[in-house]
Amino acid sequence: MNRVEEILKKFVDGQEIAGAAVLVRKGGEIVVDFAYGYADIEKKIPVSKKTMFRLASMTKPVTAIAVMQLVEQGRIGLYDAVGNYLPEFANMRVCAEKVGDEAYVPDADSPSGRRVKEEVLAAMTYEKSVRPLTVFDLLNHSGGLGMGPVGNTLAERITAHTDSIQERAVKYASLPLDFQPGTATGYSALAGFEVLAAVVEKASGERFSDYLRAHIFRPLGISDITFELNDGQKERVPRLYEYAAGRLADVTESCKSWEQMSPLEGGLQSGAAGLFGSVEEYEKIAEMFLRKGNRKGVRILKPETVETMAGKGIPPLRGITAGVFWGLGMRVIDDPSCTHSSRTHGSFGWSGAFGTHFYVDPANDLEVVLGVNRADIGGASSYVSYAVEDAVREMFYGEGAS
């Protein structure tokens, strides 16, 4: 048993996670292919690399691929105003005042984990956006849309499970931006990439899920990433668990954060968080990124496009945390010494709220894809993901890693 397997076995045996599946590719070869634990503890259904995990925010890189394909074709301009595609975004309002932490209260059901106090919201004033919100802003989490408790609090009041992609985008256009576009950063958990999905539909003339299937999944040989589960795939969706008092509780039917992004109830296809997918299939996306847009002779992105998505030419001036900044639909490691990440400079990837995680490390010809089914694991801050990164570094990174 290798170090990655030992770590995951420890977490499962300690009942901190129900199960996990991981694939690691280095030097062109799969070097770790491991699944352990349960997709369903009560029914003793084992997790596997074919388990259909809730990808949550690992949907965002897929949406970014679609946008960048259309950028390559000249059907979307990277620095175009979003209003060019969705006219409702032509004249955005912006919160005129910054509010401190004392203005917020915790809210586990909010994408940001916080909501603004009602009296602060009532007193907020607004100003005009000094420039249009752009496609780049949304990809780079620098546009202010749904990027703070003001926007998130208001978004939760106007969105519904039954929204179509276009209906939800129009609703988001009525929200104030939390800051002037391009002046700050944060994280748009839902709004930004849901609007990008609507832009893809407008620019391509195709239904979003149809576009993904025809231009990303089918060319890459992917059949198990989808918004629309067939009967066989439904049987492979794991239960969701939370960890408390030394045990795992099944919260599949009560998880509010999953309700916000699930395509199962009202049919919403969230470009931010709605896809289901297996580790086996998502690894094909990771391999494509590692090979700069090409997998097994099929190219879906130009090398320079992948490099841009991975942060080339994007100044890491407003990093989300020390040593980490946003590319385009990617979280990029700039300075490993400033963060507890075991990854190297230039590695990039994404994480999902329920424990899914992937990254690509071009310097070491390495990529990792992890699936976990725990609702309160912390997304990008999951200690399980960090432990897997540590184990991978211990196993595979050479002296040249930096």
Derivation of the side-chain hydrogen bond (donor to acceptor under 3.5 Å, both in side chains) call for Ser57 and Lys60: CA-CA 5 Å; Ser57 285; Lys60 291 182 174 71; 2.8 Å; yes
Under 3.5 Å side-chain donor-acceptor pair for Tyr383 and Glu16: yes
Ring geometry between Tyr359 and His357 (parallel below 30°, tilted from 30 to 60°, perpendicular above 60°): tilted
Pairs satisfying salt bridge (Lys or Arg N to Asp or Glu O under 4.0 Å), at least one member in residues 187-206, at least two apart: Arg168-Glu194
Pairs under 3.5 angstrom only: tabulate donor-acceptor contacts from the side chains of residues 39-46 to other protein residues two or more places apart or in another chain.
unit_1, atom_1, unit_2, atom_2, d
Asp40, OD1, Glu42, N, 3.1
Asp40, OD1, Lys43, N, 2.9

Ring center gap for Phe276 and Phe53 short of 6.0 angstrom: no
Gln233 side chain to Thr226 side chain, donor-acceptor N/O pair below 3.5 angstrom: no
Distance (rounded to the nearest 0.5 Å) between Asp361 CG and Ile333 CD1: 10.0 Å
side-chain contact (heavy atoms from CB on, under 4.5 Å), paired with Val67, selected from Leu196, Leu328, Leu78: Leu196
Ring geometry between Phe348 and Phe289 (parallel below 30°, tilted from 30 to 60°, perpendicular above 60°): perpendicular
Parallel, tilted or perpendicular: rings of Tyr187 and Trp350 (30°, 60°): tilted
Trp326 versus Ser142, side-chain donor and acceptor atoms under 3.5 Å: no
Test ring pair (Phe, Tyr, Trp, His ring centres under 6.0 Å) applied to Phe217 - qualifying residues, sequence neighbours left out: none
Neighbour count above 12 (heavy atom, 6.0 Å) for Phe227 CZ: yes
Criterion side-chain hydrogen bond (donor to acceptor under 3.5 Å, both in side chains) on Tyr211 and Gln69, from CA distance to verdict: CA-CA 11 Å; Tyr211 182 93; Gln69 285 180 328; 2.8 Å; yes
Ring-face cation of Arg374 near Tyr241 (centre distance under 6.0 Å, axis angle within 45°): no
More than 12 heavy atoms of other groups within 6.0 Å of Asn91 CG: no
